[in-house]
Amino acid sequence: MKILLINPNTTASMTQAIAQAARAVAAPGTEIVAAQPSFGPASIECHYDEAIAAAGVAEQVRLGAAAADAVVISCFGDPGLDAAREATAAPVLGIAEAAFHAASFLATRFSVVTTLTRTCVIAERLVQRYGFEAQCAGVHGTDIPVLDLEGAGEALVGQIEEAARAAIARDRSGAIVLGCAGMAPLCAELSGRLGVPVIDGVAAAVKFAEALAALGLRTSRRGDYASPPPKPYAGCVSHLGW
Ligand SMILES: NC(=O)NC1=NC(=O)NC1=O
């Protein structure tokens, strides 16, 4: 089985860190192929970053999904998710959607701890879109920049731990969702410290993707997820049309 793992930002070291977290949980027969857009922001921390990154995800799915049994979009905003599902019949999972589902199996209420506070509204909109308003008790920012998570030391891990403890108390939640792909390498450490399930969306998405692919389930080709209608694409994306 082959899973195309797309980091929607353009920081290669983060792509590798995410791929390492995915390979740590992938089944023996699963190959993780890591990719990132050829253009776009070094990190995704606002609506504008996300708009550009969504196009980068579409590029990588268009160019790389044909040989994949599943695709994972490894940014907590799930940028380009619907476009990716039009662009391939392989199952496409976003790490936020996967993490919310995993948390919903483990607790009646869960909290999200993420990076910049300004990105909370992006996660809150996904909670609504995916139908988890009754179970997601809160989304909380730490104001840790995404790229500061690389090689995070005790100070940052402790900061995330404290934010998670405050969220558990304030929200009366029973599980924590890590609201950034860059937090994936910290999941085991935080799980040991917090005493509640801590869900990393990268790992959850990889395992759900394996399950769907193993069941032979693929994205519906009817209705709004049918392939895009053929038309010319101008300029630097002329090779991405249908
Ligand atoms: N909430 C976030 O920090 N999302 C993210 N920005 C990135 O560049 N990767 C993420 O997962």
Side-chain angles (χ1 to χ4, degrees), residues 4-22 32 34-61 71-81 84 92-103 110-130 132 136 138-152 156-157 159-160 163-164 167 176-187 190 198-206 209:
L4 175 61
L5 183 76
I6 301 171
N7 169 23
N9 73 43
T10 52
T11 298
S13 56
M14 188 167 169
T15 302
Q16 291 315 310
I18 294 168
Q20 184 175 348
I32 301 292
Q36 64 189 54
S38 63
F39 62 91
S43 64
I44 301 156
E45 298 178 314
C46 64
H47 299 297
Y48 187 87
D49 291 344
E50 192 150 86
I52 305 296
V57 168
E59 174 202 50
Q60 290 304 308
V61 174
V71 179
V72 169
I73 299 173
S74 299
C75 168
F76 203 73
D78 295 351
L81 181 63
V92 183
L93 290 86
I95 66 171
E97 186 175 22
F100 295 161
H101 279 287
F110 64 84
S111 300
V112 178
V113 174
T114 188
T115 54
L116 300 189
T117 299
R118 67 180 293 170
T119 70
C120 288
V121 67
I122 296 172
E124 288 161 354
R125 288 179 179 174
L126 292 180
V127 166
Q128 292 171 3
R129 170 184 164 179
Y130 300 143
F132 288 101
C136 181
V139 178
H140 308 274
T142 59
D143 284 320
I144 298 172
V146 170
L147 297 183
D148 284 7
L149 289 167
E150 285 193 273
L156 282 188
V157 175
Q159 186 180 342
I160 298 168
I176 290 291
V177 167
L178 299 178
C180 179
M183 293 179 181
L186 309 179
C187 188
L190 289 165
V198 177
I199 295 98
D200 153 40
V202 174
V206 166

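Both ligands and their constituent atoms are indexed starting at 1 by order of listing. Here, residue 1 is the first one in the sequence, and each next residue gets the next number.
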Residues forming a salt bridge (Lys or Arg N to Asp or Glu O under 4.0 Å) with E97, sequence neighbours excluded: R85
Short side-chain donor-acceptor distance under 3.5 Å, E45 and T115: no
Partner residues of A164 under the side-chain contact (heavy atoms from CB on, under 4.5 Å) criterion, sequence neighbours left out: V113, I176, L194
Salt bridge (Lys or Arg N to Asp or Glu O under 4.0 Å) against R129, all qualifying residues, sequence neighbours excluded: D82
Does ligand 1 have any N/O pairs with the protein under 3.5 Å, and how far apart?
from     : atom 1 : to   : atom 2 : distance (Å)
ligand 1 : 1 (N)  : T114 : OG1    : 3.1
ligand 1 : 1 (N)  : G179 : O      : 3.0
ligand 1 : 3 (O)  : T115 : OG1    : 2.7
ligand 1 : 6 (N)  : I44  : O      : 2.7
ligand 1 : 8 (O)  : N9   : ND2    : 2.9
ligand 1 : 8 (O)  : I44  : N      : 2.9
ligand 1 : 11 (O) : F76  : N      : 3.0
ligand 1 : 11 (O) : A181 : N      : 2.9

Any I122 side-chain heavy atom under 4.5 Å of E50 side chain: yes
Over 12 non-hydrogen atoms of neighbours within 6.0 angstrom of CD in Q20: no
